4 protein chains.
Amino acid sequence: MNRSSTSPAERLVPVTPRGQRTRLKVLQAAERVFGEKGYERASIADITREAEVALGTFYVYFPDKLSVFVEVVDELGARLRRLISEAVAGCESRLEVEREGLRTFFQFVGENRNLYRIVRQAEFVDEACYRRYYDRFARGYVSGLERAMDAGEVRRMDPEALAYCLMGLSDFLGMRWVLWQGEGGLEHVLDTAMDFIRHGMDAHPAEAGSGNKKGPRKPRAPRSKTR
Amino acid sequence: MNRSSTSPAERLVPVTPRGQRTRLKVLQAAERVFGEKGYERASIADITREAEVALGTFYVYFPDKLSVFVEVVDELGARLRRLISEAVAGCESRLEVEREGLRTFFQFVGENRNLYRIVRQAEFVDEACYRRYYDRFARGYVSGLERAMDAGEVRRMDPEALAYCLMGLSDFLGMRWVLWQGEGGLEHVLDTAMDFIRHGMDAHPAEAGSGNKKGPRKPRAPRSKTR
Amino acid sequence: MNRSSTSPAERLVPVTPRGQRTRLKVLQAAERVFGEKGYERASIADITREAEVALGTFYVYFPDKLSVFVEVVDELGARLRRLISEAVAGCESRLEVEREGLRTFFQFVGENRNLYRIVRQAEFVDEACYRRYYDRFARGYVSGLERAMDAGEVRRMDPEALAYCLMGLSDFLGMRWVLWQGEGGLEHVLDTAMDFIRHGMDAHPAEAGSGNKKGPRKPRAPRSKTR
Amino acid sequence: MNRSSTSPAERLVPVTPRGQRTRLKVLQAAERVFGEKGYERASIADITREAEVALGTFYVYFPDKLSVFVEVVDELGARLRRLISEAVAGCESRLEVEREGLRTFFQFVGENRNLYRIVRQAEFVDEACYRRYYDRFARGYVSGLERAMDAGEVRRMDPEALAYCLMGLSDFLGMRWVLWQGEGGLEHVLDTAMDFIRHGMDAHPAEAGSGNKKGPRKPRAPRSKTR
DNA sequence: CATGAATGAGATTTCATTCAT
DNA sequence: AATGAATGAAATCTCATTCAT
């Protein structure tokens, strides 16, 4: 109600190295705990237990539960974006960029299985931080796509919509085959995704746009069932 | 021990019409409340207040909080799937199916803005119910795609991976342009998505596969079975 | 921070007699506990323990600690005012009113030794409720005094200032001789107070108004410095 | 055990000038903070922040929170008593003493609006220190009044009771017209108070004691309006 | 002298669930 | 069928105080 005059963030930044270490321990513990239990089910006590500090220590470095969470999400997003941009730095074509980006993302998801749980929780916990997460990704994506379009590497289309298509696609594949551990191996899924990304789903790209309509449509043989 | 044959959670299904009405009121109230506040923040009291029944009444029809939630999620998924399958029933081509499905999904999201909040919460609340939600979607998707592949309408590729690509893409577009209300209008985004889905992002679909630069690239070869 | 949409006072008023009894038990326990320990030192647990109900029961009837406190203060003030006005109902002169009022007040203080602790705490806990307490007293006092002035029973002067003089005087006497239990007995103090109230402190009321100024004023020696 | 002769609360009195300055800064900060937030709501951190020293520094000069508070109260009382006794030093009559004392008190209250909050909190925090505050005031008052009674300036009555009457009266007037800022101006209230103090509230002090009853009641002229 | 990190007991408040009516 | 009172475990957050530097 009041908490009035007291400055909001009394002492957030530790000045001594000891304090810095402690803060980091708490932050990392928070990432683990939020990932395992989700925001609501994770208690501050869980976090400090995991960090091996006293309960009160948490409040020396963070004003409340929400703050650590937001910091965890922002930091996680920044880490992933940095990793991806490093991974695609040497790519020559846009397709290569997509494949490398996807691969890096999958690998990150595999190594940080909490990513989904944490980011998705953000939707309810602090929508601003949730949007920020995707906005920042999209921003990077859009500028890369625009460059590729200018270079004639990618067909002209709304780059933001395209970016969200690609992000959604990655997200769901990661969920299904990295998180839920589908059989079939990642590389295979990666191939499929790239195939989709490259051609789209039209069977006859050459006469693209033929889309649905008639057309003698070469029978192209029975190519038996997949599974 | 005594109560002979009755299952542990007795009194779930109301017998009188009055009871049925009450149960439904509670269930619908739960959907609204979960959508607005999220699972954890929604209290049983919130739900019964919204349903305009007494607190105790809740436990007449549901054994616990989790149960209503699961029922809400399952019901929501079923509703959406039914709607989509009705919408695409008359479509002639697979592309038409995709467009109609997407459009229906967007419309549903617009009218049930809680959908995302509810479904995504499920990830932490009851993972089984969360997976079930996507599994069932995917199942329908896969069989539709396989049929289209058999008919030569869609290029052969792993249908489940493709299904998840398409679901992810829809999910993110819905989030971005229906939930967050981007400018540009839905139809435009729909067009972009369909464009992407149709051609893929290759600038020169005619010589598809050229991907990056030149190279005659083996003429499409046997591309063996997917798993 | 949020508590947003939920109505503030979910269920304050009990509908069943059982609930009414419980609420009253809690309210009375709160009065005792606040009186003994003061607002800040009194915990909700203290109150419910005293009331012999479970901790959570408190929150069934009161939204928070502050609310009970305010209710206790208001109720206490109302009780005292009612008592006093009943006590002076039959008085014939204003002086009699004063004496009876004072006596009733002292008696009340003796029987409700928490009164001071509770009311004075209010100054820090909820200033509005503190002022309200004295305002209401003063209001009654003022109208009584005005009537007495109109009747020529009391010398004309600012009635509100006079009311506060009399209230302050009562308050401090009650504190010193009822609460702190001075020797000399209450009646004696009452007499002194009434003597003061009646004549004022001037030794020679006959030549009242001589105030300080001149005046033959029996030389009565050098009247040395006061402290 | 070891530290030989040092009293339990060592390190209370600073030896260096620097230490003395620091101690004073903390003490004054404490007065401000206690005045603004009250004892319980004021934290040591608030005090040290206000004093612009580190948290630990507090415990260099004070053994605990209670100690500073008591020192603040005692010091405040001493300051006020000193001020008043200086102000009335030159007064010739007891009435003049009263008027000057009251005026000085009001002025002090206006300049130290925390006075009430601090002193009254003392009632719950440390009753001894609270009583001491009023006892000391009363002591000085009593001896002054006794002298005035001996000199025939003031009618004989229980001097301690009279002292508490006058203190209560001052206290409430100060609260109402200095703290709560009534209209009408201080001087006017001062006049009313002095009028009351001088004559008492009997309309016909000359025949004092007639109290209520009839009696020819000397018309005593137009008794002009007070406001 | 001065600092600020660390502690953990304790306070308020919420809420799923049970039960008597 | 429906009600609403009652419960108590658990969670968040505060803060006086200690201690190593």
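What you are looking at is a predicted structure, and each value in this text was computed from that prediction instead of being measured. A note on names: the letters A, B, ... follow the listed sequences, proteins ahead of strands, and every chain is numbered from 1.
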**Message:** Give the dot-bracket line for DNA chain E from 5' end to 3' end: parentheses for intra-strand Watson-Crick or G-U pairs under 3.5 Å, square brackets for crossings, | for inter-strand pairing, dots for unpaired.
**Reply:** .||||||||||||||||||||
**Prompt:** C:Glu52 has an atom CD; how far is it from atom C1' of F:dA6, in whole Å?
**Reply:** 15 Å
**Asked** Looking only at heavy atoms, which two atoms of B:Lys25 and B:Glu52 are closest? And how far apart?
**Response** NZ-O, 4.2 Å
**Which nucleotide in E:dA6, F:dA5, E:dC1 has an atom nearest any side-chain atom of A:Thr22** = E:dA6
**Atom-pair distance (CG on D:Asp46; C1' on F:dA16), nearest Å** = 12 Å
**Message:** I'd like to know if A:Glu127 pairs up with A:Arg131 as an ion pair, taking the criterion as any Lys NZ or Arg NE/NH1/NH2 lying under 4.0 Å from an Asp or Glu carboxylate oxygen.
**Reply:** yes
**Request:** State whether C:Arg117 and D:Glu123 are salt-bridged, where the test is any N-O pair (Lys NZ or Arg NE/NH1/NH2 against Asp/Glu carboxylate O) under 4.0 Å.
**Result:** no
**Message:** Tell me whether the rings of A:Tyr39 and A:Phe69 are parallel (<30°), tilted (30 to 60°) or perpendicular (>60°).
**Reply:** perpendicular
**Complete:** In short, D:Ala30 meets D:Val72 closest at the heavy-atom pair CB-CG2, 4.2 Å
**Request:** Scan nucleotides 16-21 of chain E nucleotide by nucleotide, 5' to 3', and note B when protein non-hydrogen atoms come under 4.0 Å of the base, S if they reach only the sugar-phosphate, - if neither.
**Result:** SBB---
**Least distance between heavy atoms, C:Arg23 atom then C:Pro14 atom** = CD-CD, 3.7 Å
**Message:** Quick check on salt bridge (charged side-chain N to carboxylate O under 4.0 Å, His left out): which of C:Arg32, C:Lys65, C:Lys37, C:Arg41 does C:Asp46 satisfy it with?
**Reply:** C:Lys37
**Message:** Closer than 4.0 angstrom, basic N to acidic O: yes or no for B:Arg113 and B:Glu36?
**Reply:** no
